Participant: 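Next up is a structure, given as structure tokens.
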Protein chains: 2
Amino acid sequence: MAEIDTQTRTERLAGQIADAIIEGALPPGSRLDEQGLADRYGVSRTPVREALRQLGTTGLIDIRPRRGAIVSEITHAQLQELFVAMGELEATCARLCAISMTPIERRGLEALHESMQQLATQDQARDPESYVLANVAFHSKIYSGSHNAILADMASSLRRRLSPYRRAQFRSAGRLQMSYAEHQVVVAAIIRGDAETAHSSMLRHVSFVEDAVEKMTPVKP
Amino acid sequence: MAEIDTQTRTERLAGQIADAIIEGALPPGSRLDEQGLADRYGVSRTPVREALRQLGTTGLIDIRPRRGAIVSEITHAQLQELFVAMGELEATCARLCAISMTPIERRGLEALHESMQQLATQDQARDPESYVLANVAFHSKIYSGSHNAILADMASSLRRRLSPYRRAQFRSAGRLQMSYAEHQVVVAAIIRGDAETAHSSMLRHVSFVEDAVEKMTPVKP
DNA sequence: TTCAGATAAATTGCATGCATAAATAAGCGG
DNA sequence: CCGCTTATTTATGCATGCAATTTATCTGAA
């Protein structure tokens with residue numbers, strides 16, 4: 001048998017349900033039946049309810065009193081706001097990176113970015129998976145490089161919340177190379193400590209992502 | 001009898017407990033005994049637990065598995081990070097205000113700010129209460145003026161989370177006039193649409209607040 | 001057919017009970 | 001007197017049960 005029971009059922013559930021949403025198994029609008037989830041994960045309704053309430057405050061799901069919870073459905077306007085917010089947060093993190101990343105962190109970021117060149121240029125139609133993974137790592141490095149756990153948490157929380165809407169984004173033609181080129185500007189600015197450019201180029205990068213998503217995501221009015 | 005039972009016990013509890021923390025009735029480190037809270041508010045442990053879990057995800061309280069919940073205690077370093085994060089968020093909101101506030105919103109902000117001049121100059125030792133209230137309204141206007149509900153929520157959530165540590169801040173000598181003068185720069189920049197200055201001056205304003213708080217808040221290492 | 005109202009089924013909100021891990025107190029050897 | 005082990009107590013985590021509300025189903029009339 002494994003080891004750590006240090007985690008409570010509720011916490012584990014919150015993670016599992018969140019993952020299911022992020023991975024798309026539970027698309028926006030899905031009803032989150034308490035008993036159903038309890039059966040599905042082999043627990044009672046109590047920890048399910050606590051997990052749902054936790055996810056509710058993150059915005060991932062929407063709890064409607066006496067009417068059950070659903071995976072958050074988002075209007076077009078709200079989706080835009082989410083992207084703007086994430087863009088501003090990531091841009092802020094990037095600016096802080098330019099100011100306060102350690103030399104080691106700068107080297108690490110640069111190295112990761114360079115390793116992504118191959119992933120971006122290899123046959124993208126076949127498998128953007130590895131680039132997507134590296135991309136998450138890239139943005140995580142930006143978050144942690146800000147040296148501010150609060151901003152980092154907010155940014156990754158937003159990223160999670162948006163993930164149901166970005167799934168297919170990297171499948172569009174040339175998006176990988178575009179993304180890589182945008183990263184290039186951000187990284188260069190951070191490396192040379194140019195806070196303003198780091199900020200503005202990251203803002204632009206995220207807004208490009210937004211454009212790419214908008215072209216393909218049908219969201220109800 | 002009143003009317004709306006549209007709100008669930010859990011939600012009401014979450015609000016009441018949060019208020020108690022914000023108002024200082026439950027200082028950082030306080031133990032949040034489930035049964036005690038249940039008795040105190042005349043409910044069972046179940047809604048208390050759900051409310052606590054909700055507050056846990058906002059960061060207001062700290063839930064330690066199997067060891068109960070306490071009002072979040074914060075190290076000096078974390079307090080600094082919180083202030084930096086809030087500063088960056090408010091600065092971002094201020095920048096967005098400069099870009100996208102409507103003429104009516106600009107007028108409203110200016111009017112509120114002007115009304116605060118009297119509150120700042122009147123005998124401050126006696127009663128900073130009214131200025132504190134107006135100050136909350138001022139920053140709320142900045143949040144809503146960003147026209148981004150996500151950023152606004154994050155900023156006000158952070159403000160709530162910091163409120164236990166800012167209570168006595170405005171009692172220090174001359175802090176009111178200082179605050180008013182700092183606001184002046186921010187408002188002027190927003191009114192004339194100077195995004196960069198709005199951002200940098202708000203950042204400076206919040207960091208002054210941080211300084212004022214640090215001088216008086218004893219936080220354990 | 002479609003829609004209104006009534007009835008039945010399903011689901012949420014909350015209280016309660018119990019097992020188990022922590023915290024606390026008691027006992028014991030040093 | 002003090003530290004460490006062991007019992008006792010307390011509190012948390014979770015399951016279960018019930019009342020109330022929502023949602024689905026059924027009936028009948030326009």
Side-chain angles (χ1 to χ4, degrees), chain A residues 1-21 26-73 220, chain B residues 1-21 26-73 220:
Chain A
M1 184 142 292
E3 15 60 62
I4 41 167
D5 193 276
T6 180
Q7 209 177 189
T8 179
R9 253 163 262 238
T10 297
E11 298 180 66
R12 209 169 329 151
L13 269 175
Q16 293 177 256
I17 297 173
D19 286 347
I21 294 172
L26 296 170
S30 306
R31 200 139 191 310
L32 296 164
D33 175 52
E34 293 178 3
Q35 189 62 56
L37 289 169
D39 296 345
R40 166 84 180 72
Y41 292 104
V43 297
S44 86
R45 280 176 51 219
T46 307
V48 171
R49 281 178 62 81
E50 294 184 4
L52 290 182
R53 194 147 281 281
Q54 182 167 334
L55 296 179
T57 55
T58 70
L60 243 193
I61 73 175
D62 189 17
I63 296 181
R64 307 161 302 176
R66 301 225 159 251
R67 306 191 50 238
I70 59 170
V71 180
S72 287
E73 273 183 311
K220 54 187 64 174
Chain B
M1 179 145 294
E3 14 61 62
I4 41 166
D5 192 272
T6 181
Q7 209 176 190
T8 180
R9 254 164 263 243
T10 297
E11 298 179 66
R12 208 168 329 150
L13 270 175
Q16 292 176 255
I17 297 172
D19 286 347
I21 294 172
L26 296 170
S30 306
R31 198 139 192 313
L32 296 163
D33 176 52
E34 294 179 2
Q35 189 62 56
L37 289 169
D39 296 346
R40 166 85 180 71
Y41 292 104
V43 297
S44 85
R45 280 178 49 219
T46 307
V48 171
R49 282 177 61 80
E50 294 184 4
L52 290 182
R53 194 148 283 281
Q54 182 167 335
L55 297 179
T57 56
T58 71
L60 243 193
I61 74 175
D62 189 16
I63 295 182
R64 306 161 302 176
R66 299 228 159 251
R67 305 190 52 239
I70 59 170
V71 179
S72 288
E73 271 182 314
K220 54 187 63 175

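Chain letters run A, B, ... following the sequence lines, proteins first and then strands; every chain starts at 1. If you're wondering where the values come from, they're calculated on a predicted model, not measured in any experiment.
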Participant: How many Å lie between CD on Q35(B) and P on dA23(C), as a whole number?
Facilitator: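 Between P of dA23(C) and CD of Q35(B): 19 Å.
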
Participant: Tell me whether the side-chain N/O atoms of R67(A) come closer than 4.0 Å to OP1 or OP2 in dT12(C).
Facilitator: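 Result: no.
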
Participant: For T57(B), give me all partners under side chain to side chain donor-acceptor pair (under 3.5 Å), at least two apart in sequence or on another chain.
Facilitator: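 For T57(B), the residues satisfying side chain to side chain donor-acceptor pair (under 3.5 Å) (neighbours in sequence not counted) are T57(A).
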
Participant: Rounded to the nearest Å, what distance is computed from the CZ atom of residue R66(B) to the P atom of nucleotide dT12(D)?
Facilitator: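 In whole Å, dT12(D) P lies 11 Å from R66(B) CZ.
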
Participant: If I take atom CD in residue Q7(A) and atom C1' in nucleotide dC14(D), what distance separates them, rounded to the nearest angstrom?
Facilitator: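 Rounded to whole Å, this separation is 16 Å.
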
Participant: Please state how far atom CG in L32(B) lies from atom P in dT10(D), giving the value in whole angstrom units.
Facilitator: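 Between P of dT10(D) and CG of L32(B): 20 Å.
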
Participant: Heavy atoms only: give me the nearest R31(B)-I70(B) pair and the separation to one decimal.
Facilitator: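 The answer is CA-CG2, 4.0 Å.
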
Participant: Could you name each residue pair satisfying salt bridge (Lys or Arg N to Asp or Glu O under 4.0 Å) that touches residues 33-42 of chain B, not counting sequence neighbours?
Facilitator: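 Qualifying pairs: E34(B)-R45(B), E34(B)-R49(B).
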
Participant: Once you round it to whole Å, what is the distance between P of dC14(D) and CD of Q54(A)?
Facilitator: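 In whole Å, dC14(D) P lies 12 Å from Q54(A) CD.
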
Participant: Quick one: closest heavy-atom pair of E11(A) and P65(B), and the distance?
Facilitator: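 Here E11(A) and P65(B) meet closest at OE2-CG, 3.1 Å.
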
Participant: Looking at T8(A), does any N or O in its side chain come under 4.0 Å of the phosphate oxygens OP1/OP2 on dT12(D)?
Facilitator: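 Result: no.
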
Participant: Using OP1 and OP2 only, check whether a side-chain N or O of T10(A) sits under 4.0 Å from dC14(D).
Facilitator: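 For dC14(D), OP1 or OP2 has a side-chain N or O of T10(A) closer than 4.0 Å.
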
Participant: Tell me whether the side-chain N/O atoms of R9(B) come closer than 4.0 Å to OP1 or OP2 in dG13(C).
Facilitator: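 Checking dG13(C) against R9(B), no side-chain N or O comes under 4.0 Å of OP1 or OP2.
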
Participant: Only counting residues at least two apart or in another chain, list the ones meeting side-chain contact (heavy atoms from CB on, under 4.5 Å) with A69(B).
Facilitator: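 Listed in chain order: L32(B), L52(B), I61(B), I63(B).
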
Participant: Send over the distance from L13(A) CG to dC14(D) P, rounded to a whole Å.
Facilitator: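 Whole-Å distance recorded here is 8 Å.
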
Participant: Mind checking the CG-CZ spacing from L55(A) to R53(B)? Nearest 0.5 Å is all I need.
Facilitator: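 Those atoms lie 10.5 Å apart.
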
Participant: Do any of residues 42-52 of chain B sit with a heavy atom less than 4.0 Å from DNA chain C, and if so which?
Facilitator: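 V43(B), S44(B), R45(B), T46(B), P47(B) - these, ordered by number, are the residues of the stretch whose heavy atoms sit under 4.0 Å from the strand.
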
Participant: If you assign each of G68(A) and R64(B) to its closest nucleotide in DNA chain C, which residue comes earlier from the 5' end?
Facilitator: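 Looking at the nearest nucleotide for each, G68(A) comes out on the 5' side.
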
Participant: Please enumerate all residues that pass side-chain contact (heavy atoms from CB on, under 4.5 Å) together with S72(B), with sequence neighbours excluded.
Facilitator: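 Applying side-chain contact (heavy atoms from CB on, under 4.5 Å) to S72(B) gives D62(B).
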
Participant: Write down the distance between CD (E34(B)) and C1' (dA22(C)), rounded to a whole number of angstrom.
Facilitator: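 Those two atoms, CD and C1', are 13 Å apart.
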
